[in-house]
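Written out below as structure tokens is the structure these notes cover.
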Amino acid sequence: MLPPSPQEPLPPLRLSAPPLSGRIEAAVTLSTVARLVASGAAVSKADLVPAAGLARTTVSTAVDELLDRGLLHVDGTRPTAGRGRPADRLALSPRGGHVLLADVGASSAHLAVVDLSQRVLARTHVAVDVRDGPDAVLRAVETELAQLRESALPLLRGGAPTGRAAGVPVRAVVIGLPGPVDGTRGVPVRPPIMPGWHAYPVAARLSRTFGCPAVLENDVNLRALGEARALPADQTPLLFVKVGTGIGGGLVGREGVLHHGADGAAGDIGHVRVRGAPDDACVCGNVGCIEAVASAGAIARRLGEPGPPVPIDEVRTLLARGDPAAVAAVREAAGLIGELVATLVHFYNPARVTIGGGLSAASDELLAGVRSVAYQRALPLATRNLVLTNSVLGEYAGLAGATVLGIERVLSTESIGLLLARSD
Ligand SMILES: [Zn+2]
């Protein structure tokens with residue numbers, strides 16, 4: 001196509017709009033102030049004025065309202081410059097509400113209750129099988145979460161001078177599932193290992209059960225987010241590659257926010273094919289997918305040949321013992337994953353690539369193999385400052401990511417708007 005001549009002007013181009021409009025709505029102001037306090041960017045009324053770009057009286061009214069509603073509390077004082085009296089230091093109140101978390105994997109789930117100050121009040125790990133279908137799994141998750149919350153109440157009472165602990169509301173529920181999800185509609189989308197879950201209204205059901213907003217996210221995205229927010233901000237963009245029964249990826253952008261793509265499928269890297277991969281059949285119907293040739297499941301199949309696959313737990317045991325066949329299989333898998341990581345590094349230029357999942361925890365062979373291939377294949381500009389390492393949070397990365405999503409949901413304009421509407 002020829003470039004337009006001066007007589008044919010360019011088509012109109014879209015210039016980007018700011019994320020927040022200039023609306024001075026109560027919920028927008030309250031959310032802005034609450035999030036500035038939550039992030040630690042501004043923790044006193046005086047600091048909030050320039051940080052929020054709002055008038056002193058507007059900030060003061062918003063802070064008083066948030067204190068009144070119990071979302072913020074005064075947590076000591078902070079010294080002020082000069083000889084002024086120390087200012088009240090604001091923080092999210094531990095009594096401002098509970099957030100319920102469920103990080104559901106293929107065969108087990110990590111569950112937790114946290115408060116708005118990120119304190120973990122109760123936590124458990126239970127066996128669930130996603131193949132049992134959404135009703136059975138979600139019923140178990142709901143029951144366990146309700147019990148966990150009960151078990152957290154005595155702890156709250158002990159630390160609560162007013163004795164109103166039982167009145168602490170559930171403000172949000174976050175659930176992660178091991179398959180593609182449409183977070184906007186709160187439903188799984190054709191998850192290959194989860195029969196009966198396609199389009200099931202997971203978020204709507206949990207929202208109804210607990211009477212609060214519910215967020216559905218992919219389990220690897222949760223890990224990626226947890227990992228990114230546990231590290232300094234210069235460690236994003238962060239690419240998380242989970243090597244477990246399957247293989248999945250999650251990407252957190254430079255601003256610390258998950259990249260979902262158009263339909264929520266971004267990071268679903270398990271069904272990519274890499275150079276040199278054998279033609280093994282995959283659950284998706286294709287052959288040679290990275291998940292079919294390099295996951296813990298694939299290694300379990302290889303080690304069991306010509307019989308049935310060895311159990312995944314046994315793969316980990318064999319690796320920990322340094323079994324030669326297991327180590328050789330992991331090295332081969334690591335080479336293939338390294339090829340994939342090199343491609344992704346070129347595309348995203350991440351500051352950090354984190355390798356997580358059961359296989360990386362069991363042996364350093366995986367990380368070593370991925371590193372050697374990825375650094376060799378990718379060009380220096382993309383790897384000059386790249387950190388390629390194992391997960392820092394391990395199996396709790398998912399709960400960490402769910403904590404972030406849950407608290408940020410509670411502080412969103414939408415949720416604070418609901419809070420105002422409900423009690424006015
Ligand atoms: Zn596949």
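Every number for a ligand or one of its atoms is a count from 1 in the order of the listing. Just so you know, these numbers come straight off a predicted model, no measurement behind them.
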Residue list, ring pair (Phe, Tyr, Trp, His ring centres under 6.0 Å) with His259, at least two apart or on another chain: none
For Arg78, all residues meeting salt bridge (Lys or Arg N to Asp or Glu O under 4.0 Å), sequence neighbours excluded: Asp47
SB check Arg273 Asp279 (cutoff 4.0 Å): yes
Basic-acidic side-chain contact under 4.0 Å: Arg223, Asp219: no
Under-2.8 Å neighbours of the Zn ion (ligand 1), protein N/O/S atoms only: 4
Parallel, tilted or perpendicular, as decided by the 30° and 60° cut-offs, for the rings of Tyr396 and His110: perpendicular
Counterpart residues, salt bridge (Lys or Arg N to Asp or Glu O under 4.0 Å), relative to Glu395 (two or more places apart): none
